[in-house]
Every structure is written in C-alpha cells, then in structure tokens.
*Asks:* 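One structure follows; several queries about it will come next.
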Amino acid sequence: MRTHTCGELRPGQIGQRVRLAGWVHRRRDHGHLTFLDVRDRYGLTQVVTSAQQSPAAHADADPVRSEWVIAVGGVVRERPAGTANPDLATGAIEVAVDELEVLNPSRVPPFYVNEEQEGLDEAHRLRYRYIDLRRPQMQSQMLLRARLASSIRRRLEADAFVEIETPSLIRSTPEGARDFIVPSRLQPGRFYALPQSPQVLKQLLMVAGYDRYYQLARCFRDEDLRGDRQPEFTQLDLEMSFVSERDVMETVERIVLDVTRDTLPDRPILATPIPRLTYDQAIARYGSDKPDIRFGMELVDVTDAVRDTAFRVFSDAIVSGGAVLALRAAGCAGYSRRELDELQDVARANGAGGLVHLAVEADGTLRGPAARFLDVAAGGMIEATEAEPGDLLLMVADADRPRAAGAIGRLRLEMGNRLGLRDPNTLAYVWVHRFPMFTWDAALARWDATHNPFSAPVWEEADRLESDPGSVHAQQYDIVLNGWELGGGSIRIHRREVLERAFRLMGHTTERMRDEFGALLEALEYGAPPHGGIAIGLDRWAALFADQENIREVMAFPKTQSGSDLLMGAPSPVTDVQLEEVGLRLVDAAAR
RNA sequence: GGGCCCGUGGUGUAGCGGCCCAACAUGCCAGCCUGUCACGCUGGAGAUCGCCGGUUCGAAUCCGGUCGGGCCCGCCA
C-alpha cells in the first residue's frame, strides 16, 4: 500500500516513483494546483496535484479534507527554487501525484489535529482520545514512553534481571490502599483483588530463587485521583536477593542513570552520583521527603535567634517544643500586599497557622507587621539566614516542627516557581533514605508502617522494635526526581519472627496475620534469602521526561478524576444476569 | 468526605443585569485562484449561553441545586 513513510523522503529519492499513505494534515487549494500535507507518525510530506499534469488525481483530490485517509502514487521531485520548506525534514522535495485513492473519508474532526491549541477541554480530548493521540505532541509523548520502557528492559536484561509476570487476580489484603475487587463466578460470594503492587509475589519469587526479578507491572489502587495518580498505573518493579540497602541503591542508581542517558541523551542530570539525603536531612533542609534540589533556598532554623523575643506567635511555638523556620527569598523585599497574601494562603493551605514576612531594608533593618516585636532578634535572624538588603524573609512557627517544615517546604517550592528556579530541562535525582520505621497514628492509637509493612528495620536497631518503635529506622529508600516521588523500596524482612513482631506493633492479631499474610509468613520459613528491591512509577517517570505535570499526558487511555473512561464509558452498569452469576444483588437499585 | 475553579456556534475565547434572537478568531460550506506550507480573496451557514429551579418588569450575566471536567486537602502501606 505504501513504499515509504511520510517522514522518509529526501532529495536522494528524486526521480523515484513512490506511494505514500496517511492522514491529510492540511490542504492548500489553489484551484488548478492543490497541495496536501500527508501525515503519519513518522512525519509529513507535501504532495501536489495539478489540473494540467494529472487531471484525474487532481479531481480525486477535490473532495479530500482534513483527516481523510488517502494513498497517493507519484514521482518524487525537487521543489521549485525558493519554495523549499526548511522547517520540514522532507521540505526539500514533494511528490507529484498522478494517482490518489481515498482509503477512508473522515467526519470533520472535533478539534484540531493539525495545530496546537491551548485550553482545549481535556474531557473532550478523552472522549475522542483516538484523535487526540494523533496529535504530533501526543505521538511524541507516547513514543518517548515506549523508548523509556524499551531502554529499561534492555538495561535490566543486560544485568541478568529476569522478567516474570505475576497475576492480576490475586487475594485482597488489608493495609495500604483500598483494593479493587472482582467477584468470582465459580465461587459466588468470594472475590479476587487486583494487585496494588506485586509486592508479596515478588518476595515469593525471591524465596523461589529468581534472585533478580523485574516486571513492568500494572498496579491498581481504588483511591481518589490526582494529576499524578490514576486508578491503574505501571511500575517498574524489581527485586534482588543477597543484597544490602547499599547494593540495591547502587544497582538501581546505575540502571536509572543509564536509562536516563539512553532515553534523553541531551538532558542534563544535575548531580551524579545521585545525592543521598536521610529523611531527617530532607525535612530539615527542604521541608519535604521528596525535595526538588534543582535550586537551593534551603530552610533555615531561626528558633534560637528568635527565642528571646516578645512575639507570642514565636515564643508560644518554642515553649511548646516547636520551631521557627525561615526561608530567604532573595530580592523579594518589594513584594506587594497581594503577593504576600498569596504566600500566606499557600502557608495556611499547608498546615501553617500563618506566615510572618519581613523585608530587609537597605540599612539592614527589618520591615513588616511583626518587625517591632522582633527588633532584638533582627541581627540573629539576618545572620542565620545570610539575608541581605532587598531580601524577603518568610517564617513559619509551629509547636509541631514537622508541620512547620512541611508548610515552609511548600513555600519554598512556590518561591522556586515564582522566581523561575525550577529549570524544566534539568533532571535532579536524589535519594531519600533512613525513614522512621513507624509513624504514630494518633487517631487509631497505634504505630503504622511509614512506607511498607514488609520493610526491614536497620538491623542494629531491631532490638528496640518493642521498647522504642519511634526510634527505629527502616532500610528504606525513595528515589525522587524534580520534587516528584518516583519510586521507593526497601530491604525486606526475611525472617518470619521479625515480620510477625512488626505486624504485631501495627495492631495485627496473630490470627489476622496468618489469614492475610499466611503464604508469605510460611514461605519465610522455607529458606528465604535476604532480599530487597524497589518499585519505580513508569508513568511519572515518563511524564517528567516529557516535561508534563500530568501523567494522563503519557497514558494512552487515562481516566478522569472521578474514575470515568469517557471514551469507552466505564464504569458501566451490568445486566441482572451478570450480577446473578456472581451472586450479587445491588442494594440500591436506584443507584443503577 | 471537604474546599476552590471552569462549562457560551465544531474548537478556543469575549460578553458578567436591558445596548445580546450574543461578538471575535479559527474551523465548516460555496465560489475564485498554478507555488503554497497557519496559502489568499469573496460570500454563507452554524449557539434556545451544560441542565433544572428561583430572584427580577427583564437573566448567558445574580442565587440555589444538579451533571460533567480540572486543581487541592483528606486518602494514596
């Protein structure tokens, strides 16, 4: 049907007879001469019909419109002098068409494929995703994702990792995200769950001796959606045996950097080897466990500097054991009331009671609503923050230090955006590790795994599991890219007795443990090697590579925030027969 | 579960109590055009302003509800 693609022809083929097939990208009709740009995923080629030279083909081109699918036959020729198009890879040539076949006409498309359009309603794009995916930008994003996945596979295969598929119909477990459940027809009243991740399965594979496993695994979580969260998504899931935390981090780091350079050879990577921060360092310096290290503007602890002021907002927080944290926004002393209010809103929206702002005047004094209370501390604050005239100091005080850090960490990102410090071209990977093993859940009055309940404690700290769980760290590591949590993993607990202790601390009874994690617990008794691994979000990785803020942009058929597939119309009701087969009856018939 | 924002010809926007049976650009249709590449020129069609209800002499515009979409908090081991 075609001899070449639409991105292929060059002056070297001049004089050759060719056939192209594709979509009509644009039509320029000059009456006795018609230009058609024919497009496929490889590119665009201009073809010409002439009433004089090829009357039949010219007549056939008459009804052809945007997005019609056509095949053309003709001879490649050089464009007349002065009419070459340097913006087009195929712009030096054109095809003089003597034969044009309409393979399929198209209705007028619901939006433009042939030009970029700002503000196009995303619901509309999703409703006609097959057209949206024709847009050159979407095609390049899908192809980038494919290159990334391909690079991952090649790199892992070269490193002796074995790809093993795990089932999508598995057993529901509590903990973590809500499961999607699938009713069983063969056993009415029983349900499968779709995996939130192949976590337990890959650990069983380690017990089975496949000491380097990987999978591009589809995962499902029935939780509320966000721009970076879909109900189903893809993880690069990998697991290794006979490894320490350091081994895994070093192996993964080499893979990540190789894949990055392979997929995006021209994008600068901020720092290699990938910097490592402990969780405590990340919180203290950036106010986040997923810091964007493309810019500095680190948080400054001014608690000591303001300890003796009469400013109640600060002193109350300090007396309660809290902290006062500051951010130095260089050159922002001139911020307007409105800009300061917006920053105030950012602080409040992220847990701060308020935001104290002080501008540094030319004479080194401070100006701001709270300045008169802070006179005595002015020198100390300026020294601690290294502030200079013209700078703006932003401060958050809270009895709860992590809360203050979180709020000011978000302000840091906001200022990074406002000051244009988050260079979209740079890729800044960073490791965050040594997380606290447990977080106290005040509502449930129990300890909860900070990340993954299977994560091992730092072995030397394991004897404090019961006596002082809050002080135990996990052998856990997150890899962060440009402020996004890209992935996380850990060394797993490979001894039954330790895993049971950890579960018990999280409030599991022995019966529940045996019921829900029986297979894993038992497997650990049959020669489970020390092991650990990581899971990296492929969608997020692709989105960051494609410079998109939304993973929907790198997914072919994503769902909306309410979980709808606007193209296929899912979720949908099912028939009474289908319900009956699986032994279900809807409680509220009206809900259908 | 909660907060905020959006919904006007096919598409993107303007209009934000009467001047609007709605404007602009583009797309679409027709005619003309032999070197365009966002081709050009001329003409034309196309919207009960998401839906329901209310306020008002009068609603695209104000209010309430609802549906759809987005962002955020909670949630996401």
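To find a chain, count down the sequence lines: A is the first, B the second, and so on, and within it residues start at 1. It should be emphasised that the depicted structure is a prediction, and the values quoted were computed from it without experimental measurement.
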*Asks:* Looking at His30(A), I'd like to know whether one of its side-chain N or O atoms comes within less than 4.0 Å of OP1 or OP2 on G40(B).
*Replies:*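 Result: no.
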*Asks:* Using atom CZ of Arg39(A) as one end and atom P of C37(B) as the other, report the distance to the nearest whole Å.
*Replies:* 19 Å
*Asks:* Can you see if the side chain of Arg226(A) gets near the phosphate of C76(B) - specifically, an N or O under 4.0 Å from OP1 or OP2?
*Replies:*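 Indeed not, no polar side-chain atom of Arg226(A) lies that close.
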*Asks:* With P as the reference atom in both, quote the distance from A23(B) to A60(B) in angstrom, rounded to an integer.
*Replies:*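 After rounding to an integer number of Å, I get 14 Å for this pair.
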*Asks:* Using a 5.5 Å cut-off between ring centres and planes within 30 degrees, is His32(A) stacked on the base of C33(B)?
*Replies:* no
*Asks:* Does Lys290(A) come within less than 4.0 Å of Asp478(A), counting only side-chain N to carboxylate O?
*Replies:* no
*Asks:* Using whole Å, what does the distance between atom P of nucleotide C72(B) and atom CG of Asn417(A) come to?
*Replies:* 13 Å
*Asks:* Check whether any side-chain N or O of Asn85(A) sits under 4.0 Å from OP1 or OP2 of G35(B), and answer yes or no.
*Replies:* no
*Asks:* Using the C1' atom as the reference point in each nucleotide, state the distance between C24(B) and G64(B) in Å, no decimals.
*Replies:*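 It comes out at 33 Å once rounded to the nearest Å.
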*Asks:* Stacking check: are the rings of Phe35(A) and U36(B) less than 5.5 Å apart at their centres and under 30 degrees in tilt?
*Replies:*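 Phe35(A) vs U36(B): stacking yes.
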*Asks:* Is the shortest distance from a Lys or Arg side-chain nitrogen in Arg226(A) or Asp228(A) to a carboxylate oxygen in the other one below 4.0 Å?
*Replies:*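 Salt bridge between Arg226(A) and Asp228(A), a charged N being under 4.0 Å from a carboxylate O: no.
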*Asks:* Within the 4.0 Å heavy-atom criterion, would you say Pro80(A) contacts the bases, only the backbone, or no part of the nucleic acid?
*Replies:* base
*Asks:* It should be established whether Ser50(A) places a side-chain nitrogen or oxygen under 4.0 Å from OP1 or OP2 of nucleotide U34(B).
*Replies:* no
*Asks:* Exactly one of Arg27(A), Arg26(A), Arg28(A) should register a salt bridge (charged side-chain N to carboxylate O under 4.0 Å, His left out) with Asp37(A). Which one does?
*Replies:*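 Considering Arg27(A), Arg26(A), Arg28(A), a salt bridge (charged side-chain N to carboxylate O under 4.0 Å, His left out) with Asp37(A) is found only for Arg28(A).
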*Asks:* Any salt bridge between Arg434(A) and Glu461(A), counting N to O under 4.0 Å?
*Replies:*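 Yes, charged N to carboxylate O under 4.0 Å.
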*Asks:* Does C37(B) have its OP1 or OP2 closer than 4.0 Å to a side-chain nitrogen or oxygen of Arg79(A)?
*Replies:*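 So the side chain of Arg79(A) is outside the cut-off, no N or O lying under 4.0 Å from OP1 or OP2 of C37(B).
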*Asks:* If you compare every side-chain N and O of Arg410(A) against the phosphate oxygens of C73(B) (OP1, OP2), does one of them come in below 4.0 Å?
*Replies:*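 So the side chain of Arg410(A) is within the cut-off, an N or O lying under 4.0 Å from OP1 or OP2 of C73(B).
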*Asks:* Is the distance from OP1 or OP2 of C73(B) to the nearest side-chain N or O of Arg348(A) less than 4.0 Å?
*Replies:*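 Result: no.
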